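Below, read A as the first sequence line, B as the second, and so on, with proteins coming before strands; counting in each chain starts at 1. Here the structure is a predicted model, which is why all the values come from computation and not from measurement.
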Amino acid sequence: MQVEIQSNRAACAKALSCWFLTGATAGGKTQVGLHLARLLNAEIISLDSMAIYREMNIGTAKPSPQQQAEVPHHMIDILDPTESFSVSRFREMALARIDEIRSRGKEVLFVGGSALFLKALLRGLFEGPPADWGFREEVEAEVKKYGEEPLHQRLRVLDPLSAHKLHVNDRRRLIRALEVVHLTGKPISHWQMEFDHATRAEDCRVFTLRHPRAILHERIANRVASMFATGFVDEVRGLIDKYQNLSRTAAQAVGYCEVIEHLAGRRTLPETMEQTLIRTRRFARHQETWFRGLSECEFVELAGEIPPEKTAETILERGRARAV
RNA sequence: GGCGUUGUGGCCGAAUGGUUAGGCAGCGGAUUGCAAAUCCGUCUAUCCCGGUUCGAUUCCGCCCGACGCCU
């Protein structure tokens with residue numbers, strides 16, 4: 001345990017020495033990131049839970065091949081859409097990439113909006129057991145029969161602290177908490193206590209692009225419209241033809257989920273587009289909730305049309321000014 | 001022009017002579033191996049005017065709008 005904390009600390013320190021560019025979806029991270037990477041002589045590590053999938057290009061608004069050729073990118077196109085993924089795998093792989101990039105004498109810039117991944121990098125992850133899907137399905141079946149209440153009841157005995165923190169209806173976390181005691185004999189709250197060291201924004205370089213909400217909504221509308229205009233539906237059709245089903249994680253992606261329903265004939269195209277728009281907005285809102293809550297995040301307010309290279313320069317200036 | 005139906009919050013949609021469903025969207029929060037997921041919280045409206053009534057969103061009349069039918 002002591003060793004784990006040590007290595008966790010070391011890993012966090014390593015991550016904290018990198019540059020980060022984050023922000024809600026459709027906020028212009030890709031463009032700014034490219035400029036910033038050039039200014040820093042950096043390579044980019046994607047901080048995005050869906051861009052890791054091959055063949056999911058249009059709907060994830062992945063950087064184009066040309067953009068990826070301009071600056072070396074990592075953690076993009078590393079999984080088939082049938083493979084599942086997890087935060088911890090992301091973290092492990094990303095940490096390895098940091099070393100690799102540094103060994104070339106280059107700077108590291110993370111670009112992306114997956115907030116949980118960001119937090120895992122900045123604050124660490126306890127060395128807990130991976131998901132046990134057999135166990136989860138068993139418990140899931142119980143919930144179906146008896147509801148969440150008995151689950152919560154059980155957790156109150158095994159891990160009162162977590163039970164107190166979790167809402168009765170928060171089935172996923174209830175199950176994970178149970179899973180951890182079941183697998184390790186120790187409550188998840190015990191493990192989690194060790195890893196919540198917040199860093200002040202001034203002591204790191206986590207820049208968070210932010211637009212006024214109305215403008216962000218406009219940008220989202222434009223992005224969704226252009227996705228559908230450039231063959232998003234065909235992309236998803238291709239995936240389904242080839243793989244039938246996407247992995248548990250890939251299938252959750254905004255837009256993909258909706259288009260799959262459409263291709264199955266359960267939804268018209270206009271409904272699908274509307275639903276994709278709505279879900280993208282909700283996604284963006286949740287992302288911003290995350291960023292507000294992470295002390296590491298420093299907001300870069302973008303009122304009006306600011307050219308990406310200008311924003312990159314602003315960030316560079318601010319980031320260089322501090323000793324990290 | 002006549003007759004009929006109808007008018008509930010941004011949208012959908014119940015109900016009721018007095019205790020003002022619900023859903024969606026929006027907004028806020030949570031978030032440690034499914035995270036672009038998931039969970040929680042929040043929003044208080046009955047077209048206008050008049051009448052009946054202790055009390056009207058609910059009953060009556062009228063106005064306006066919508067829809068339908070007829071001439």
Describe the nucleic acid contact of A:Ala131 in one word from base, sugar-phosphate, nothing, applying a heavy-atom distance below 4.0 Å. sugar-phosphate

B:rU32, OP1 or OP2 - any side-chain N/O from A:Arg176 closer than 4.0 Å? no

Qualifying residue, where the test is side-chain contact (heavy atoms from CB on, under 4.5 Å) with A:Leu122 and the options are A:Phe110, A:Phe20, A:Phe117: A:Phe20

Axial cation check for A:Trp290 ring with A:Lys119, 6.0 Å and 45° limits: no

Should the pair A:Phe135 and A:His182 be assigned to parallel (<30°), tilted (30 to 60°) or perpendicular (>60°) ring geometry? parallel

Distance check, P atoms only: B:rA15 and B:rC59, in whole angstrom units. 13 Å

Taking OP1 and OP2 of B:rC39, is either one under 4.0 Å from a side-chain nitrogen or oxygen of A:Asn169? no

N/O-N/O pairs, protein side and nucleotides 23-25 of chain B side, under 3.5 Å:
residue: B:rA25; atom: OP1; partner: A:Arg282; partner atom: NH2; Å: 2.9

Side-chain donor-acceptor contact under 3.5 Å, A:Thr249 with A:Tyr53: yes

Determine whether more than 12 heavy atoms belonging to other residues, nucleotides or ligands lie under 6.0 Å from atom CD of A:Glu301. yes

Looking at CG of A:Leu109 and CZ of A:Phe207, how far apart are the two atoms once the value is rounded to the nearest 0.5 Å? 10.5 Å

For a quick check, tell me whether the side chain of A:Arg172 and the base of B:rA35 share a donor-acceptor pair closer than 3.5 Å. no

Could you measure between the two C1' atoms, the one in B:rC54 and the one in B:rA21, and give it in whole Å? 27 Å

Check: A:Arg9/A:His197 side-chain N/O donor and acceptor closer than 3.5 Å: yes

Identify whether any heavy atom of A:Gly255 sits under 4.0 Å from a base atom; if not, whether one sits that close to sugar-phosphate; answer base, sugar-phosphate or nothing. nothing

Does B:rC49 have a Watson-Crick or wobble mate here (both distances under 3.5 Å), and if so which one? B:rG61

Using a heavy-atom cut-off of 4.0 Å across all strands, would you classify A:Thr60 as base, sugar-phosphate, or nothing? base

Would you tell me whether A:Arg91 and A:Ser86 have side-chain atoms, one donor and one acceptor, within less than 3.5 Å of each other? no

Excluding sequence neighbours, so at least two apart, what forms salt bridge (charged side-chain N to carboxylate O under 4.0 Å, His left out) with A:Arg205? none

I'd like a table of atom pairs between the protein and nucleotides 28-30 of chain B - only N or O on both sides, under 3.5 Å - with the distance next to each one.
residue: B:rG28; atom: OP2; partner: A:Arg213; partner atom: NH1; Å: 3.2
residue: B:rG28; atom: N7; partner: A:Arg285; partner atom: NH1; Å: 2.9
residue: B:rG29; atom: OP1; partner: A:Arg292; partner atom: NE; Å: 3.1
residue: B:rG29; atom: OP2; partner: A:Thr289; partner atom: OG1; Å: 3.3
residue: B:rG29; atom: OP2; partner: A:Arg292; partner atom: NE; Å: 3.2
residue: B:rG29; atom: OP2; partner: A:Arg292; partner atom: NH2; Å: 2.4

Classify A:Phe85 by what it touches in the nucleic acid, base, sugar-phosphate, or nothing, heavy-atom distance under 4.0 Å. sugar-phosphate

